[in-house]
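Structure, as structure tokens:
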Amino acid sequence: MSKRYWLMKCEPGAYTIADLERDGTTGWEGVRNYQARNFMRDDMRVGDGVLFYASNADPSGVTGLATISRAGYPDPFAARQGHDYHDPKHTTEKPIWFSVEIAFVERFANVIPLATLKETRGLEKMMVNQPGSRLSVQPATKREFEIVSRIGRR
DNA sequence: GCCAACGTTGGC
DNA sequence: GCCAACGTTGGC
């Protein structure tokens, strides 16, 4: 399978592109949505492109680029008693929740606000532009990834 | 902080 | 398996 592209959301209070720039890589834990889980477990491959999206931000939007540096593996926090991400139904033998690891690629000088994404030609079909779309891990097309990257660099 | 949209839970 | 109640997400 050739390289795929993704958009991954995170609230700035939890993690930002600046944090990723500092850390180099980070585990993407705590996703508790089956559709997003399926993407992480089944479809993400090392080298895939990631649009890093800040949600609930001012303004919300794409703040930089990352890449998948480790494909899906059981979410280590899901099995940890007392952890916020603990889920009693998840066991190491039968994991339910999955993480990936992402690596820093680029931090945009300016955030690309959601409003800009919405008014950019070629991005009409992006999931994040659809009303009511709350999925925190979304597929994107190569073309969408390239358009957003170009805006981020100017 | 509001609230609409969406996902999940659980009684029946 | 339906569906109401509830919790969460996330733009505004």
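Naming: A, B, ... by sequence-line order, numbering from 1 per chain.
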What pairs of donor and acceptor atoms, side-chain ones from residues 137-146 of chain A against any protein atom, are under 3.5 angstrom apart with sequence neighbours left out?
{"unit_1": "A/Q138", "atom_1": "OE1", "unit_2": "A/V128", "atom_2": "N", "d": "3.0"}
{"unit_1": "A/Q138", "atom_1": "NE2", "unit_2": "A/S133", "atom_2": "OG", "d": "3.2"}
{"unit_1": "A/Q138", "atom_1": "NE2", "unit_2": "A/L135", "atom_2": "O", "d": "2.9"}
{"unit_1": "A/T141", "atom_1": "OG1", "unit_2": "A/E144", "atom_2": "N", "d": "3.0"}
{"unit_1": "A/T141", "atom_1": "OG1", "unit_2": "A/E144", "atom_2": "OE1", "d": "3.4"}
{"unit_1": "A/E144", "atom_1": "OE1", "unit_2": "A/T141", "atom_2": "N", "d": "2.8"}

> Given A/R22 and A/D19, is the salt bridge (charged side-chain N to carboxylate O under 4.0 Å, His left out) satisfied, shown in steps?
Replying inline: CA-CA 5 Å; A/R22 180 198 60 213; A/D19 293 329; 3.3 Å; yes

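Atom CG of A/N33 is surrounded by more than 12 heavy atoms from other residues, nucleotides or ligands within 6.0 Å. For NZ of A/K118, the number of neighbouring non-hydrogen atoms (other residues, nucleotides, ligands) closer than 6.0 Å is greater than 12.
In this structure, A/M127 atom CE and C/dG11 atom C1' are separated by 18 Å, rounded to whole Å.
Between A/W6 and A/F52, the distance separating the two ring centers is not shorter than 6.0 angstrom.
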> Reading nucleotides 3-10 of chain C from the 5' end, what letters show protein touch, with B for base, S for backbone sugar-phosphate only, - for no heavy atom under 4.0 Å?
Replying inline: -----BBB

